[in-house]
Amino acid sequence: MSTIEQISEHIWIMHACHDTDRPILAAISGAKRTLLIDAGNSPTHAALFRQELQRHGVRQPEILVLTHWHWDHTFAMSEWNLPSIAQAETAHALRKLISQDWSDAAMEQLFEQQIINESTMANIKKEYGGNRNMIRIVEPDILFQESITIDLGGVTCEVNHVGGDHAIDSCYVYVKEDQTLFLGDALGPSVYGGPRSYTASSFLRLLRQAYAYNAQLFVESHGRPMDRAGFQKELGDWEQLAQFTEKYGQDRDRIAKEMSTYLQVPELPHEFSKALEWFMVGAAKE
Ligand SMILES: O=c1ccn([C@@H]2O[C@H](COP(=O)(O)O)[C@@H](O)[C@H]2O)c(=O)[nH]1
């Protein structure tokens, strides 16, 4: 069961739920209107947030912005039925899925074409069960390339296209007055189109961009909100791994040795040996 929480003066979030890969949904309330960040992975997911906002007396969303096109962030758009804002590539990706059938056979085909992966297939099946014929993809209404600013009345949201490995359309959403940065899944590895991969230069750029905001609160879609110190601590070791990858390229053994020394451990912990494989896939592409 997802829980709802007010994390700053103008921001309410419903936490992520890993059972069926539901990301964080956020409502940003200004004096004029409420903005929803990400639609959710199903009408049920969206309806739950709507009910919870109502229960807490929060003004309902009147406009939607998407962090990227992936199913868990967009499949509930039809349930909200709101004017929606998205980066142009988000619209492009969703447009291609509009007449998609989500039966087992059709999803197998998408999997073979590497448009989705096994985990996505499993999560969609779990979220929707036998009701996959109710999936309605909606095209966003307002498109931007680089950035767009949304004035909610005393609360300003800056949406910036950052791209990266996870999805080329990834955007950061910065709520200026609350010094809160929503990172979507931008810091994640690529998950479609082949084995998971990280490009060191791209990962380091995304981190620099995140730190450049005056943010005190950082919200990744599938994590828990973190203060600036917590975010730096959480990402510090990953940043180091990316820096070793930039320095030593495809020399896996050298990177593993340097990273183990840095972490002061005899052997790389599983989290980092897995991440190192992703960086190696990325290094081979660079
Ligand atoms: O590390 C990961 C992260 C995600 N997935 C699958 O991809 C989709 C979309 O990813 P988002 O990070 O939620 O945008 C997600 O539903 C997972 O099924 C993955 O396989 N590995």
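Remember, it's 1-based here, ligands and their atoms both numbered in the order they're listed.
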**Item:** Close approach of H222 to ligand 1, heavy atoms, under 4.0 angstrom
**Value:** yes

**Asked** Looking at F182 versus F218, is the centre-to-centre ring distance below 6.0 Å?
**Response** no

**Request:** Establish, from distance only, whether the side-chain atoms of T67 and D38 form a donor-acceptor pair under 3.5 Å.
**Result:** yes

**Item:** Among P140, P83, S84, side chain to side chain contact (heavy atoms under 4.5 Å, CB included) partner for L64
**Value:** S84

**Complete:** One finds that the ligand 1 atoms under 4.0 Å from a non-hydrogen atom of V191 are 1 (O), 2 (C), 3 (C), 4 (C), 5 (N), 7 (O), 19 (C), 21 (N)

**Prompt:** Looking at atom 18 (O) of ligand 1, what's its closest protein heavy atom, distance included?
**Reply:** S119 OG, 2.7 Å

**Request:** Please say whether more than 12 non-hydrogen atoms of neighbouring residues, nucleotides or ligands are located less than 6.0 Å from NZ in K176.
**Result:** no

**Any F203 side-chain heavy atom under 4.5 Å of L235 side chain** = yes

**Request:** Show which atoms of ligand 1 fall inside a sub-4.0 Å distance from at least one heavy-atom site of H68.
**Result:** 14 (O)

**Message:** With a heavy-atom distance limit of 4.0 Å, tell me whether T120 approaches ligand 1 through its side chain, its backbone, both, or neither.
**Reply:** both

**Asked** Going by distance only, is there an N or O of W278 that falls short of 3.5 Å from an N or O of ligand 1?
**Response** no

**Asked** With respect to S42, which candidate in W71, F75, Y128 satisfies the side chain to side chain contact (heavy atoms under 4.5 Å, CB included) definition?
**Response** Y128

**Request:** Could you tell me which atoms of ligand 1, counted from 1 in the order shown, lie closer than 4.0 angstrom to a heavy atom of H73?
**Result:** 13 (O), 14 (O)

**Item:** Residue and atom name of the nearest protein heavy atom (relative to atom 8 (C) of ligand 1), distance in Å to one decimal
**Value:** Y192 OH, 3.1 Å

**Request:** Enter the distance from S29:OG to L53:CG here, rounded to the nearest 0.5 Å.
**Result:** 8.0 Å

**Asked** Quick one: nearest non-hydrogen protein atom to atom 19 (C) of ligand 1, plus distance?
**Response** R196 NH2, 3.2 Å

**Request:** Indicate whether any N or O donor in one side chain lies under 3.5 Å from an N or O acceptor in the other, for T156 and E177.
**Result:** yes

**Item:** Protein contact to atom 13 (O) of ligand 1 [nearest heavy atom, distance to 0.1 Å]
**Value:** D72 OD2, 2.3 Å

**Asked** In the protein, which heavy atom is nearest to atom 11 (P) of ligand 1, and how far is it?
**Response** D185 OD2, 2.9 Å

**Prompt:** Which residue and non-hydrogen atom of the protein lie closest to atom 15 (C) of ligand 1, and at what distance in Å?
**Reply:** D21 OD2, 2.7 Å

